[in-house]
Engineer: 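My questions will all concern the structure given below.
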Amino acid sequence: MIRCIALRKTYGSVVAVDDLDLEIETGEIFGFLGPNGAGKTTTIRMMVGLLAPTSGTVTLGGHDIRLEPEAAKALTGYVPDQPALYDKLTGLEFLRFVGGLYAVDASDLERRGADLLEEFGLEACADELIETYSHGMKQRLTLAAALIHRPKILLLDEPMVGMDPQGALALRRLLAGLAAGGVTIFLSTHSLGVAEELCDRIGILDRGRLVAIGSLPELRARAAERPDLEPFDTSLEAVFLSLTAIVGGEG
Amino acid sequence: MRRAVAGEAAASLPHLLSPRLLAARNALARAPMRALLLALVTALFWAGSFVLFERTLAYFQTITALGPLLTQRLLVMLFVSFFALLVISNVVTALSTFYLAADVRLLLAAPVSYRRLHQARFVETLVASSWMVLLFGLPAFLAYGVVYDAGPLFYAGTLATLVPFLIIPAAIGVLITTALVLVFPARRARDGLLVASVALAAAGYLALRLVQPERLASPAGFAGFAAFLAAFEAPASPFLPTTWAAEVLIALLGARAGEPLFYLGMLASTAAVLYLASAGVVERVFLIAWSHAQEGRSGPRGARPLARWLRRAAAPLPRTPALLFVKDLTIFFRDASQWSQLLLLLALVIVYVYNFSVLPIDDGSTLAATLRDVVAFCNLGLAAFVTSAVAVRFVYPAVSLEGRAWWALRAAPVSLTTLWWSKFVIAFIPLGILGEALVAVTNRFLGVTPGLTAVFMATLVFVIAAIVSLGLAFGAAYPRFDSRNAAQISTGFGGVVYMLSCLGVIAAVIALEAWPVSRLFWHGAAAVPVGGVERVAIALAFAAVAGGTTALWAIGRRAALRYLADLQP
């Protein structure tokens, strides 16, 4: 459902994303981890069509994002790392606007918008201007907007940031339910607990390079192969730290 | 509610002001050409203002008996005008610096006393509000010194007078703002002040035009102005800072005996008292006022008639343009910093039409007829200029005003081309209506034939299309996502370059059409039909205008699409 082939992004001499190859199947929840500045947000922006790659291709649902951008985007919902919205619109107006951009049928749009606002606990402030919303409320509204058109692919960049525990739990359950229904989810996160609990596979990005990819058992096995490492616990945190430390040492 | 004294030692006043100074220094270092251009424009403006004041004052000197009186009256008028402007400006600025600025939260969380916070913000407010007075006032005071051949004491006294004169309205502004914020949510207070300021500016501009300042161009008119000044019952109350400031300068000019030190002392002591009062009030109530200022504005629940009406109005449009139309106009009418500019536009249009209605072109003389033809032709350029000025305010900021929510448009299955066309049509239609209406109405005042008016209006369509296309291109090339104020966005470097480009386009169109239009006027007046060769030449000239402006439109469109594709808020 999602394919990245030799995806690369450079800024002058700086390589932000270095020949990334990824393939994510339908209904899979893929976790994208990496230290700050690893290139996760750059990768997601290229995938969603916000940033032109230096080279390589991204295919969403069989559509190349550069050659068939509208077709690819029509299948995709996107949640950015910073929920910047139109402050002078109400929550409902924003959903209406985004739903219209995705050609959601007008009658369906009203019902779907109301349902999503209720699901995300925003029905009480649906008619309030977004400028009055808290960070968490904006985050939830952004999620609702990403789901308004029932996407087949969901790209989320750090969706848990600023969420309270109830919100984070509700989101994890939502994502699990969506994946069970066949939605492909690509999720970048700092929260190793979320990745551990939720993701079918995990990719670890470090300094623009994919240093490890696989299920959690596969990653543990790979990290354990290093004979120079002390025996350690098998949590994702330990695996992550050891794998990124290995790359850092080799660099 | 005073914080620990330790906070004062931790953060000195220069330290609290350092972010602003460093930001200014960094901006200058990154764009030295912009700073140079700004300095050049300022210098030119100062020179022009100085010459204007110097000529006026020199004329007053020739009026033997009334000269000193006129000098005083003009000086009082200047100080009264400046004071009024300063109070308004300081109230608006203090609202931002004290209660709406993003870094206030950082300072409140730090061990910084309210007293120190007040000091830092007071200085910022004073500097931000006073620059315009310095821009307009310093050439005037310099002109006084030159005309009266004043010594160094006058110039030193002027600086010494200006310091307390600027502090007084700053302190008043802080006090008024604090009172407002205790009563209203800060955003509502800001919007109200913004609209009131713009409405006052528009009313002032209208009033200035309607008193017909062009009469000053004639000796009789100028004498009339002098008489007006002589009779001007300026509020010369001995209790006003404006009177004190004027008294100091008048005495130092030697225009009249006086007590400059006394009045300087009045200014200084009043400034000190008001400053301490503002500091005391802010120290006592700042946290309450600031907390109150964080309250958001809740609108009416349920029905929002504006959005509903706009959706109905947009129903005939294709889907994406309709969505953008509704979104952009909804935001426009809910943002006071945007829709308040319509007040200025209204004043501009009224003055423009009024100017043409009072032109002396009906006396039947040859001169009047020639003037009418020239003005009619210049009307094309003037209408295009007005349209450009509107485009700088409304079209150029269009991309920037998408702000960091630009991702929502880019992530959606909507092509950049569709987005561009939507923005273009939303801007072109109202600007086109404005420009065409201006030309049609004013040409009627001028008695221009319908045929020629049609030629001008057709030309204007092409010019406005090019102007709008260039506006979107420049707006995408020089985006400013840090500002939500459309007026602020348009006064940046990109806005200046865009305006200059529009002037260049207008000048080129005027130059290309000058000959064919003059020939058409001549043939019309002489009732001689246009010959074959001349007809071809005229047609070629108009075709060049159409072709050139269409090319500019296409270049602007291509450039805008390229910049939009790379836009990363």
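The basis for the numbers below is simple: all heavy atoms, side chains too, and nothing from hydrogens, waters or symmetry mates. Labels below follow one simple rule: chain letters A, B, ... track the order of the sequence lines, proteins then strands, and each chain is numbered from 1.
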Engineer: If you count heavy atoms of other groups shown closer than 6.0 angstrom to CZ of B/R319, is the number above 12?
Structural biologist: yes
Engineer: To the nearest 0.5 Å, what is the distance between CG on B/D328 and OH on A/Y86?
Structural biologist: 7.5 Å
Engineer: Between the main-chain N or O of A/R45 and the side-chain N or O of B/W407, is there a donor-acceptor pair closer than 3.5 Å?
Structural biologist: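 Checked: no pair found.
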Engineer: Under 4.5 Å heavy-atom distance to chain B, tell me which part of A/A103 shows up: side chain, backbone, both or neither.
Structural biologist: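 For A/A103, heavy atoms of backbone and side chain both lie under 4.5 Å from chain B.
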Engineer: Please tell me if the side chains of B/V414 and A/E70 come closer than 4.5 Å, counting only heavy atoms from C-beta onward.
Structural biologist: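 Heavy-atom side-chain distance check fails, nothing below 4.5 Å.
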Engineer: Over all heavy atoms of both residues, which pair between B/T330 and A/E93 is shortest? Give the atoms and the distance, please.
Structural biologist: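 Scanning both residues completely, I find the closest heavy atoms to be CG2-OE1, 4.1 Å.
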Engineer: Got a sec: does the CZ of B/R311 have more than 12 other heavy atoms crowding it under 6.0 Å?
Structural biologist: yes
Engineer: Quick one: closest heavy-atom pair of B/A411 and A/Y102, and the distance?
Structural biologist: O-OH, 3.1 Å
Engineer: Side chain of B/R334, backbone of A/K88: donor and acceptor closer than 3.5 Å?
Structural biologist: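 Here the side-chain-to-backbone pair exists.
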Engineer: Contact part of A/L155 toward chain B, heavy-atom cut-off under 4.5 Å: side chain, backbone, both or neither?
Structural biologist: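 Contact with chain B is absent: no heavy atom of A/L155 under 4.5 Å.
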Engineer: A/K73 side chain to B/R410 main-chain N or O, any donor-acceptor pair under 3.5 Å?
Structural biologist: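 Checking the backbone N and O of B/R410 against the side chain of A/K73, a donor-acceptor pair under 3.5 Å is found.
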Engineer: Could you please spell out the steps behind the side chain to side chain contact (heavy atoms under 4.5 Å, CB included) verdict for A/F97 and B/L324?
Structural biologist: CA-CA 8 Å; A/F97 173 67; B/L324 286 170; 4.1 Å; yes
Engineer: Do other residues, nucleotides or ligands put more than 12 heavy atoms under 6.0 Å from the OH atom of B/Y563?
Structural biologist: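 No, the 6.0 Å shell around OH holds no more than 12 heavy atoms from other groups.
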Engineer: Sort out for me which of A/G77, A/G100, A/A74 touches chain B most, counting heavy-atom pairs under 4.5 Å.
Structural biologist: A/G100
Engineer: Output the distance between atom CG (B/L409) and atom CG (A/L101), rounded to the nearest 0.5 Å.
Structural biologist: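 Nearest 0.5 Å value for the CG-CG distance: 6.0 Å.
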Engineer: Checking A/T76 against chain B: side chain, backbone, both or neither under 4.5 Å from a heavy atom?
Structural biologist: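 A/T76 has no heavy atom closer than 4.5 Å to chain B.
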Engineer: Heavy-atom distances under 4.5 Å only: say whether A/A52 touches chain B with side chain, backbone, both or neither.
Structural biologist: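 Contact with chain B is absent: no heavy atom of A/A52 under 4.5 Å.
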